[in-house]
Number of protein chains: 2
Amino acid sequence: MSQARPSSIREIATKLGVSTATVSNALRGTGRVSSGLAEQIRLEADRLGYVPDHTARALRTGKSNTVGLLVPNIGQPLFPAFAQAIERAAKRRGLAVLIGDSQGDPQQQDFEIRNMVARGVDALIVIPTRGTTITQADVPIAVIDSAATTGNIAASDHREGGRLIARHLLALGHERLLILAGPENSLVARERVEGMCEVFRQAGVEPALQHSDATFEAGSILGRELDLRHFTACAAAYDALAIGFAIAVKERGCSIPEDMSLTGFDDLMWAQIVSPPLTTVRQDLEAVANHALAFVAGETGTSGIFPTKLVVRQSTARPSAFAKGGKHAE
Amino acid sequence: MSQARPSSIREIATKLGVSTATVSNALRGTGRVSSGLAEQIRLEADRLGYVPDHTARALRTGKSNTVGLLVPNIGQPLFPAFAQAIERAAKRRGLAVLIGDSQGDPQQQDFEIRNMVARGVDALIVIPTRGTTITQADVPIAVIDSAATTGNIAASDHREGGRLIARHLLALGHERLLILAGPENSLVARERVEGMCEVFRQAGVEPALQHSDATFEAGSILGRELDLRHFTACAAAYDALAIGFAIAVKERGCSIPEDMSLTGFDDLMWAQIVSPPLTTVRQDLEAVANHALAFVAGETGTSGIFPTKLVVRQSTARPSAFAKGGKHAE
DNA sequence: CTGTTAGCGCGTTCAA
DNA sequence: TTGAACGCGCTAACAG
């Protein structure tokens, strides 16, 4: 249907008997071209369905108008949400997004970074795989991780999010707390947990910490194996963890929130569809994404920390301990 | 840390007193270069950390080794899963993936296609937004939709998937069926539903069809509003629909699978975490993705239809009608 | 058989 | 407004 050779700037130039430079100028509004001629050129370009070749332009200008986005694992539901936010922020700036998945592997991550730079991305947005630091590359990099990460550029205020959760649970009257703290080497998880602990300790409450992967499965295992009798509430550092935990403890006859309150973190889509819907903390992904893009676009030179929001649903309630004297089902 | 100007082929050439052509030949193993010289060149390239400039190479060769992936909405959980599969398949072939989201908007979709072509992608993988046809572009396009779509290149056998569901429900003894058929203009949904209906009708069962969006919310509304008394089982064309439905009917006191069996379609991650875990059909995303890539890479010229798999979980059971005479709770 | 020269591709940019 | 150089890797034609 369409010609194999898309028309070039030269074709237009020849047809109108002008130079390629003039066409280039006219089409981009740069330089000085008489308005009449500019109009003709635009018309002819339209007629030919001319589309500038990004590749050639990139070669000449050194700008590809493409950013690379590197996520740790796009299979985990938070990252598609991030990717979507970043894609939107990029589109607003006329940038395309080259996506890569490090699949949880630091080597893969390094490889992808190099690869993307070689492919001429103007900048990189990296959500680092746990426990890794980003090696400087030849392009601006915006790291999205935790405020504590060296070189972090955009992040949610995970620590404050942890505080929100803790205050919520304290306000409900919980004093015997289990924290599903996630992986020990995750800075994000650490921030979340420290935020919680800080508030709990100020209230004279010492929570029990339990580390694990950040997955649904890990939560499920903990829910099956932990001794729940000592706790009236459980705060997880990730929704996935909380959801896995919820399902496992329900099978043991522990009902949420009657026997135990439960909170997550991230407000994944799941959080509202599990039963009971999960009280959790939502990140402002749009804001984080936008700041990351603004940074690599040179619009700002500072890093941004963005507030999170407590989302209260039905998985938290006052402890039944008040009524039942601390006994749990089973 | 690193020099701003990545070293070029010329730099190596100058340093070794040879021509750029020789360097190019040596580095890519083409042409004739004595093995000794080739080795030296490779060493020097290594020492300088030389990385060929993809942009320049792309301009000269007309190949960018990049494919564009266009999804309808990356917020919907099936598409990240697809994206991941496609990214893997692309990586195996040394291709990078430029990702775009049409956000359910046909115009956006058109724009993205043009944009990606202008950016020099070698090929496009498009999962079309509902009810749209892909306009031919100047690069190979692999459309992933339904076997019935004109120009479809890779798809799961949605129709057979529908048959699997129907046979499963029939085998359990269900004869009064509700089908949540999804959007009327979705070819994928239509295939799934037709597969079901075909089997049901052969068994002399006429299911009731209910169209709606493919979303969790739509399922939820249907679950609240439909009159359930006539049905012992409900088969949804999408997991999201089934899950929304499940939660709504549970609130009405209808329990699954005791009062009503329920099936979904796609085997999203959610399907196993809702309660009860959902009986559904799983697509072989890897196979579909791989075929799409194989097609645009010219490895195959045919379209591929890939089998789906029934995943039986706890949302389906024999109808209680046998025991209770067809009465439902409420 | 080994290596070089010259110029391509295409939009941008600068001196004229 | 323009001609010509430019960016950088690739490649056909050519020379040693």
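Sequence lines set the chain letters: A, B, ... in the order given, protein chains first and strands last, and positions in each chain run from 1.
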Please report, rounded to the nearest Å, how far the [atom2] atom of [N] is from the [atom1] atom of [X].
X: B:R10; N: C:dT4; atom1: CZ; atom2: P; result: 14 Å
X: A:K63; N: C:dT13; atom1: NZ; atom2: P; result: 13 Å
X: B:Y50; N: D:dG9; atom1: OH; atom2: C1'; result: 6 Å
X: A:H54; N: C:dT12; atom1: NE2; atom2: P; result: 10 Å
X: B:Q40; N: C:dT2; atom1: CD; atom2: C1'; result: 14 Å
X: B:E39; N: C:dT2; atom1: CD; atom2: P; result: 15 Å
X: B:N25; N: C:dT4; atom1: CG; atom2: P; result: 10 Å
X: A:R57; N: C:dT13; atom1: CZ; atom2: C1'; result: 14 Å

Item checked: Main-chain N/O of B:P183 paired with B:S186 side-chain donor or acceptor, under 3.5 Å -> no
Checklist line | salt bridge (charged side-chain N to carboxylate O under 4.0 Å, His left out) between A:E112 and B:K91, worked out | finding: CA-CA 10 Å; A:E112 287 282 2; B:K91 187 172 292 169; 2.7 Å; yes
Notebook entry, point to check: With sugar-phosphate meaning primed atoms plus P, OP1 and OP2, does A:V18 contact a base, only sugar-phosphate, or nothing at under 4.0 Å between heavy atoms?
Noted result: sugar-phosphate
Check: Counting any heavy atom closer than 4.0 Å, what does B:T20 reach on the DNA or RNA strands: base, sugar-phosphate only, or nothing?
Finding: base
Next item on the list: Kindly indicate whether the side chain of A:R28 and the base of C:dG11 share any N or O donor-acceptor pair separated by less than 3.5 Å?
Entry: no
Note to self: Quiz question: going by heavy-atom distance under 3.5 Å, is there a donor-acceptor pair between the base of C:dC8 and the side chain of B:R60?
What the structure shows: yes
Respond yes when some side-chain nitrogen or oxygen of [X] is under 4.0 Å from OP1 or OP2 of [N], and no when none is.
X: A:S24; N: C:dT12; result: yes
X: B:T22; N: C:dG3; result: no
X: B:S34; N: C:dG3; result: yes

Check: Which nucleotide, D:dG9, D:dG7, D:dA4, lies nearest any side-chain atom of B:L59?
Finding: D:dG7
Next item on the list: With the side chain of B:A21 defined as its heavy atoms from C-beta on, choose the nearest nucleotide among D:dA4, D:dC8, D:dT11.
Entry: D:dT11
Notebook entry, point to check: How far apart are the closest heavy atoms of A:I9 and A:Y50, and which atoms are they?
Noted result: N-CE1, 3.6 Å
Notebook entry, point to check: Under 3.5 Å, is there a donor-acceptor pair between the A:D213 and A:T215 side chains?
Noted result: no
Note to self: Can you see whether A:Q283 engages A:D267 through a side-chain donor-acceptor pair at a distance of less than 3.5 angstrom?
What the structure shows: no
Note to self: Need to verify one output field. Residue with the more 5' nearest nucleotide on DNA chain C, B:G17 or B:A56?
What the structure shows: B:G17
